[in-house]
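Structure first, then comments.
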Amino acid sequence: MILDVQHLKKNFGKVHALTDVNLQLHSGEVLGFIGPNGAGKSTTIRAILGLIKETSGSVTVFGEDAWKDSVKIHKNLAYVPGDVYLWPNLTGGQTIDMLLRMSGQKHTEKTDDLIKEFKLDTSKKNRTYSKGNRQKVALIAACSTDVDLYIFDEPTSGLDPLNELIFQQRVAELKEQGKSVLLSSHILSEVEKMCDTISIIREGKVIETGSLESMQHLTRNVVAVKTASPVDGLDKTEGVHQLTFKNDQHTIAEFTVDSDKIGAVMEILTKCTILQLKTTPPTLEDLFLRYYHSDNGQKVGE
Ligand SMILES: Nc1ncnc2c1ncn2[C@@H]1O[C@H](COP(=O)(O)OP(=O)(O)O)[C@@H](O)[C@H]1O
Ligand SMILES: [Mg+2]
């Protein structure tokens, strides 16, 4: 076991930031840590990094205590925070080398590859970089670091889709090399492609853990469609929920559909000649609103 968080609780004075966090990351696995803003992802990660001490519960990394043995643990771990702050007067290139040196690593060919791939102009000073570019600096340093555990806190929040894809490929490469990765995000669709397992945190508590397939009920897409002829039978189609028609002719519809039923639904829509189609993956916030009471975390869907 690379990472084991058991019944982690963290209070900041009267603020109960974490009430019951359980996370397990096995060797060679990519674990998605998903939850809305303020749920406790960064606080959990800070406890894993030994930056804060738990109120109760336990956090072990590589079998060692995250708080007491943090110096040892950090030698085998790379971390990219959600908000990357960098020395303002160093260039991106100097910063990458500095970050590598600080973790006992060297600038290698891989570092150059990453700089090229992410198209980072390393000659610019950090203070001139956008959030996305600062994130690239930290990601390049982390990804060219050779360790066993990589922790990324909302790594793609400042990246455009192209760079997000590059990041996804790099995570896949780490996985191929047998590395372990913890990836936090508040957007499920951003990380679902990369993860073997997903743990969902809400209001300081991990409420679901499992493979994405086992959480198929959480991945429901919103569909808005306009057809030439009336759509009939959708209300009786398996996997279709919350169907509403926006006109009397039944040619403008909105509904949600389970991810594994999209194919069947498309067949029905195609028969009616699709004029316009928009599908939106659900945000976690939508899912939480739909599936859980806001006060006690109980399932209400289905
Ligand atoms: N140092 C702190 N002092 C007081 N409250 C904090 C502190 N750090 C985090 N919190 C609170 O803990 C909760 C979880 O925050 P955080 O872990 O940053 O969430 P996330 O990363 O999931 O968005 C929030 O309500 C936040 O306000
Ligand atoms: Mg955070």
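Remember, it's 1-based here, ligands and their atoms both numbered in the order they're listed. Side-chain atoms are counted along with the backbone in the values below, which use heavy atoms only and exclude waters and symmetry mates. Since we're looking at a predicted model, the values are computed, not measured.
- By the 30° and 60° cut-offs, the orientation of the rings of Phe245 relative to His250 is parallel.
- Criterion: ILVMFWY side-chain heavy atoms under 4.5 Å apart, direct or through other members. Under it, Ile48 and Ile52 are not part of a common hydrophobic cluster.
- Not a single N or O atom of Glu154, backbone or side chain, sits closer than 3.5 Å to an N or O atom of ligand 1.
- Annotation: salt bridge (Lys or Arg N to Asp or Glu O under 4.0 Å) contacts of Asp112 (sequence neighbours excluded): none.
- For atom 26 (C) of ligand 1, no protein heavy-atom neighbour is present inside the 4.0 Å cut-off.
- Salt bridge absent: Lys110 and Asp146 never bring a charged side-chain N and a carboxylate O closer than 4.0 Å.
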In sequence, state the C-alpha distance, the side-chain angles, and the governing distance for Gln242 and Thr256, and then conclude on side chain to side chain donor-acceptor pair (under 3.5 Å). CA-CA 6 Å; Gln242 294 160 305; Thr256 62; 3.0 Å; yes
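- Close approach to Thr43 involves these atoms of ligand 1, each under 4.0 Å from a residue heavy atom: 9 (C), 14 (C), 15 (O), 16 (P), 17 (O).
- Heavy atoms from other residues, nucleotides or ligands lying under 6.0 Å from CG of Asp248 number 12 at most.
- Inside a 4.0 Å radius of atom 21 (O) of ligand 1 there is at least one protein heavy atom.
- Salt bridge annotation for Lys72-Asp69: absent, with no cationic side-chain nitrogen under 4.0 angstrom from a carboxylate oxygen.
- Looking at ligand 1, you'll find an N or O of Gly40 within less than 3.5 Å of one of its N or O atoms.
- Within the coordination shell of the Mg ion (ligand 2), defined by N, O or S atoms under 2.8 Å, Ser42 is present.
- Looking at atom 12 (O) of ligand 1, its nearest protein heavy atom turns out to be Ala17 CB, 3.2 Å.
- At a heavy-atom cutoff of 4.0 Å, ligand 1 is contacted by the backbone of Pro36 but not by its side chain.
- Heavy atoms of Gly38 approach ligand 1 to within less than 4.0 angstrom.
- Interface of Ala39 with ligand 1, defined as ligand atoms under 4.0 Å from a residue heavy atom, comprises 19 (O), 20 (P), 22 (O).
- For ligand 1, the polar-atom distance check finds no N/O of Asn37 at less than 3.5 Å from any of the ligand's N/O atoms.
- In terms of protein heavy atoms, atom 5 (N) of ligand 1 is closest to Phe12 CD1, 3.6 Å.
- For the pair Thr251 (side chain) and Ala228 (backbone), a donor-acceptor distance under 3.5 Å is absent.
- Close approach of ligand 1 to Ser42 is summarised as follows: ligand atoms under 4.0 Å from at least one heavy atom of the residue are 17 (O), 18 (O), 20 (P), 21 (O).
- Using a 4.5 Å cut-off between side-chain heavy atoms of Ile, Leu, Val, Met, Phe, Trp and Tyr, with links allowed through other members, Leu51 and Val21 fall into the same hydrophobic cluster.
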